[in-house]
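Notes follow the structure.
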Amino acid sequence: MRPGSPFPRRLALAVALVQTLFPLYWALVTSFRRGPQLFSTALLARPDFGNYRQVLSDPSWWRDAANSLLSASAVGMIALLLALPAAYALGRMSFRGRGVVLALLLGCSMLPQIAILSGLFTVISRLGLYNRLGSLIFADLFFALPFAIWLLAGFFRDLPRDLDEAAMLDGCGVLRRLTLIHMPLIWPGIVATGLLTFMNCWNEFLFALTFTLSDSARTLPVSIGLISAPSRFELPFGIIMSASLLATLPPIFLVLLFQHRIAAGLTAGAVK
């Protein structure tokens with residue numbers, strides 16, 4: 001093998017792609033199977049859209065999808081609205097304890113959900129939000145807000161300080177600097193943060209399972225987790241896979257729609 005040959009890199013890329021895409025491919029193959037075909041190990045399946053028709057013809061699936069969309073969108077918008085001024089203060093202003101606050105925010109975003117589950121259940125019950133979509137929005141903000149603040153603070157911090165000095169010489173106040181100067185410059189970072197927050201809340205399972213009880217407030221991850229067959233001798237893997245793949249379409253559509261913004265936002269500040 002010649003020195004500098006691209007073969008090792010291509011081999012590593014192929015292995016990474018197979019490891020990443022094969023579970024998704026197997027889920028797609030399984031979604032086309034029914035009955036005894038579910039036990040087949042063949043890599044190809046004869047397309048049978050019966051599972052998809054069964055899922056899409058169920059009104060509860062559309063209701064659960066609407067609940068997931070509403071709660072994830074609300075959490076994303078509220079988190080961005082509250083995180084922008086806080087991230088601006090942490091990223092552009094110097095004050096004692098700023099590093100401690102950022103470390104606490106990062107620690108809060110990395111905290112296991114189960115660690116605050118019992119306390120949140122008590123608070124949500126006292127507020128009268130149990131079995132309502134408001135309970136999911138309230139609970140998801142405990143993790144979405146610290147994550148959004150910590151991420152946006154890095155984007156604000158990477159902006160040149162000369163911008164603030166020039167704006168202050170022109171008599172531009174803090175609010176105008178935030179809305180007219182800094183936010184347009186970090187717009188890719190705002191989009192990336194909003195989409196990451198949306199996808200985290202879209203896939204959230206533990207809070208949705210704990211704080212909702214009735215079908216009217218159920219979200220897609222819980223709905224998929226509760227799919228069962230009419231008989232205990234049947235395995236509804238085909239229906240579960242078809243519902244799971246359909247549930248991935250909204251995040252995939254958003255990522256494809258804003259892929260350039262996401263790439264620009266995630267790499268902002270990497271190259272000076």
Side-chain angles (χ1 to χ4, degrees), residues 71-124 127 129 135-165 167-168 173-175 177-179 181-208 210-211 251 255 258 261-272:
S71 60
S73 301
V75 171
M77 289 187 292
I78 295 174
L80 286 179
L81 184 63
L82 298 177
L84 279 169
Y88 178 82
L90 291 170
R92 305 300 295 176
M93 301 179 181
S94 298
F95 55 89
R96 182 178 299 178
R98 183 168 64 114
V100 176
V101 173
L102 288 172
L104 288 175
L105 290 173
L106 181 60
C108 290
S109 62
M110 298 175 63
L111 196 68
Q113 288 181 314
I114 195 67
I116 63 172
L117 188 64
S118 59
L120 269 179
F121 184 85
T122 303
V123 173
I124 287 174
L127 293 176
L129 296 176
S135 63
L136 301 183
I137 298 173
F138 181 80
D140 288 340
L141 279 174
F142 274 85
F143 290 92
L145 189 56
F147 172 77
I149 294 174
W150 185 82
L151 199 59
L152 289 173
F155 295 126
F156 280 116
R157 186 174 56 250
D158 291 333
L159 294 177
R161 295 288 176 179
D162 297 341
L163 292 174
D164 297 282
E165 297 175 1
M168 291 173 64
V174 175
L175 184 59
R177 292 203 303 268
L178 171 63
T179 56
I181 298 177
H182 296 111
M183 285 182 58
L185 292 175
I186 67 164
W187 180 245
I190 296 175
V191 174
T193 303
L195 286 178
L196 290 174
T197 303
F198 176 88
M199 287 188 287
N200 289 335
C201 297
W202 177 270
N203 296 321
E204 199 282 320
F205 178 80
L206 182 60
F207 288 161
T210 305
F211 301 138
V255 169
F258 296 103
R261 295 289 186 180
I262 296 174
L266 294 179
T267 57
V271 179
K272 295 293 184 181

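Note that the coordinates shown come from a computational prediction; the quantities given were computed from them, not determined experimentally.
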Inset, instruction - Run the numbers on L84 and I190 for side chain to side chain contact (heavy atoms under 4.5 Å, CB included), then give the verdict. - result: CA-CA 9 Å; L84 279 169; I190 296 175; 4.0 Å; yes

Inset, instruction - Could you please spell out the steps behind the side chain to side chain contact (heavy atoms under 4.5 Å, CB included) verdict for T197 and L151? - result: CA-CA 11 Å; T197 303; L151 199 59; over 6 Å; no

Inset, instruction - Decide yes or no on side chain to side chain contact (heavy atoms under 4.5 Å, CB included) for F198 and L80, but give the supporting numbers first. - result: CA-CA 11 Å; F198 176 88; L80 286 179; over 6 Å; no

Inset, instruction - Please report the C-alpha distance between M77 and L81 in whole Å, then the side-chain angles of each, then the deciding distance to 0.1 Å, and finally whether the side chain to side chain contact (heavy atoms under 4.5 Å, CB included) criterion is met. - result: CA-CA 6 Å; M77 289 187 292; L81 184 63; over 6 Å; no

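Distance check: F156 CZ to M183 CE gives 7.0 Å after rounding to the nearest 0.5 Å. From L106, atom CG reaches atom CG of L111 across 11.5 Å, with rounding to the nearest 0.5 Å. Rounded to the nearest 0.5 Å, atoms OG1 (T210) and CD1 (I114) are 7.0 Å apart. In this structure, the separation between CD1 on I78 and CG on L145 is 10.0 Å, given to the nearest 0.5 Å. Atoms CZ and CZ, from F207 and F142 in turn, are 8.5 Å apart once rounded to the nearest 0.5 Å. Residue L152 holds its CG atom at 4.0 Å from OG1 of T193, rounded to the nearest 0.5 Å.
Side chains of V75 and W202 form no contact here, defined as non-hydrogen atoms less than 4.5 Å apart. L120 is not listed as a side-chain neighbour of Q113, based on a closest heavy-atom distance of 4.5 Å or more. Side-chain contact between L129 and F211 is absent, with no heavy-atom pair separated by less than 4.5 Å. For the pair L90 and F95, the minimum side-chain heavy-atom distance is below 4.5 Å.
Here the closest heavy-atom approach between residue A148 and residue A83 is recorded as CB-CB, 3.8 Å. Heavy atoms only, all atoms of each residue included: A208 and L136 are closest at CA-CD2, 3.3 Å. When all heavy atoms of A153 and A87 are compared, the pair lying nearest together is N-CB, 3.5 Å. Closest approach of R92 and L159 over heavy atoms only: NH1-O, 2.8 Å.
Listed by chain and residue number, nothing satisfies the ring pair (Phe, Tyr, Trp, His ring centres under 6.0 Å) test with F147 (two or more places apart in sequence, or in another chain). By the ring pair (Phe, Tyr, Trp, His ring centres under 6.0 Å) test, F121 is found to be paired with Y130, residues two or more places apart in sequence or in another chain being considered.
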